[in-house]
Amino acid sequence: VQLQASGGGLVQAGGSLRLSCAASGPTFSNRDMAWFRQAPGKEREFVAAVRWRGGVPVYADSVRGRFTISRDNAKKTVYLSMNSLKYEDTAVYYCAKSATSSVIWSELWNAYQYDAWGQGTLVTVSS
């Protein structure tokens with residue numbers, strides 16, 4: 001499976017962006033999908049995840065209420081809608097596909113649960 005992320009760019013604080021991640025290959029509809037991000041000089045961190053079987057998505061505390069993750073299995077695409085962007089949201093955003101179809105809920109934040117990563121798309125929020 002290959003993942004292609006897009007939609008990043010420069011936006012003013014308070015603005016919005018929507019990221020997309022298109023997947024190729026057969027294993028998308030039965031895999032959890034997630035977004036991570038890495039800011040300059042910092043480690044990669046979990047942003048959000050959406051289960052393949054449905055249910056409530058999982059969000060990092062820093063983005064909950066501002067970001068929304070969703071997926072379209074027919075299009076093999078996962079989205080991240082980002083509103084009320086802050087300067088500290090500036091980062092390279094990566095989409096990721098879970099390695100198995102049985103990731104437990106408490107492990108969705110763990111990067112080791114994902115075996116395919118997109119190339120990253122840069123989001124820059126100006127203050």
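Residues take their numbers from the sequence shown, with the count starting at 1.
- Linking Ile, Leu, Val, Met, Phe, Trp and Tyr whenever their side-chain heavy atoms come within less than 4.5 Å leaves V58 and W35 in two separate clusters.
- The stretch residues 45-101 participates, sequence neighbours left out, in these ring-ring contact (aromatic ring centres under 6.0 Å, His included) pairs: F36-F46.
- Minimum interatomic distance between E107 and Q113 (heavy atoms only, all atoms of both residues): OE1-NE2, 3.1 Å.
- Q4 and Q119 make their closest contact through NE2-NE2, 3.1 Å (heavy atoms, listed as atom of the first residue, atom of the second, distance).
- Between the T121 side chain and the G8 main chain, a donor and an acceptor come within less than 3.5 Å of each other.
- Using modelled atom types, no side-chain atom of Q12 and backbone atom of V125 make a donor-acceptor pair closer than 3.5 Å.
- Taking each heavy atom of S98 and Y114 in turn, the nearest pair found is N-CD2, 3.3 Å.
- Formation of a donor-acceptor pair under 3.5 Å by the K76 side chain with backbone atoms of G25 is found in this model.
- Residue C21 comes nearest to L3 through the heavy atom pair SG-CB, 3.8 Å, listed as atom of the first residue, atom of the second, then distance.
- Side-chain N/O atoms of D72 and T77 include no donor and acceptor closer than 3.5 Å.
- The heavy-atom pair separating S127 from A13 by the smallest distance is CA-CB, 4.4 Å.
- Hydrophobic clustering, with ILVMFWY side chains joined whenever heavy atoms are under 4.5 angstrom apart, groups V11 together with V63.
- Both V123 and L80 belong to a single network of hydrophobic side chains, linked directly or stepwise wherever heavy atoms of I, L, V, M, F, W or Y lie under 4.5 Å apart.
- Taken together through direct or relayed side-chain contacts under 4.5 Å among Ile, Leu, Val, Met, Phe, Trp and Tyr, L122 and L10 form parts of separate hydrophobic clusters.
- When all heavy atoms of N30 and T27 are compared, the closest pair comes out as OD1-CA, 4.1 Å.
- There is no path of hydrophobic side-chain contacts, each under 4.5 Å, that joins L108 to I69.
- Within the structure, salt bridge (charged side-chain N to carboxylate O under 4.0 Å, His left out) pairs that include any residue of residues 48-69 comprise D32-R51, D61-R64, R66-D89 (at least two apart or interchain).
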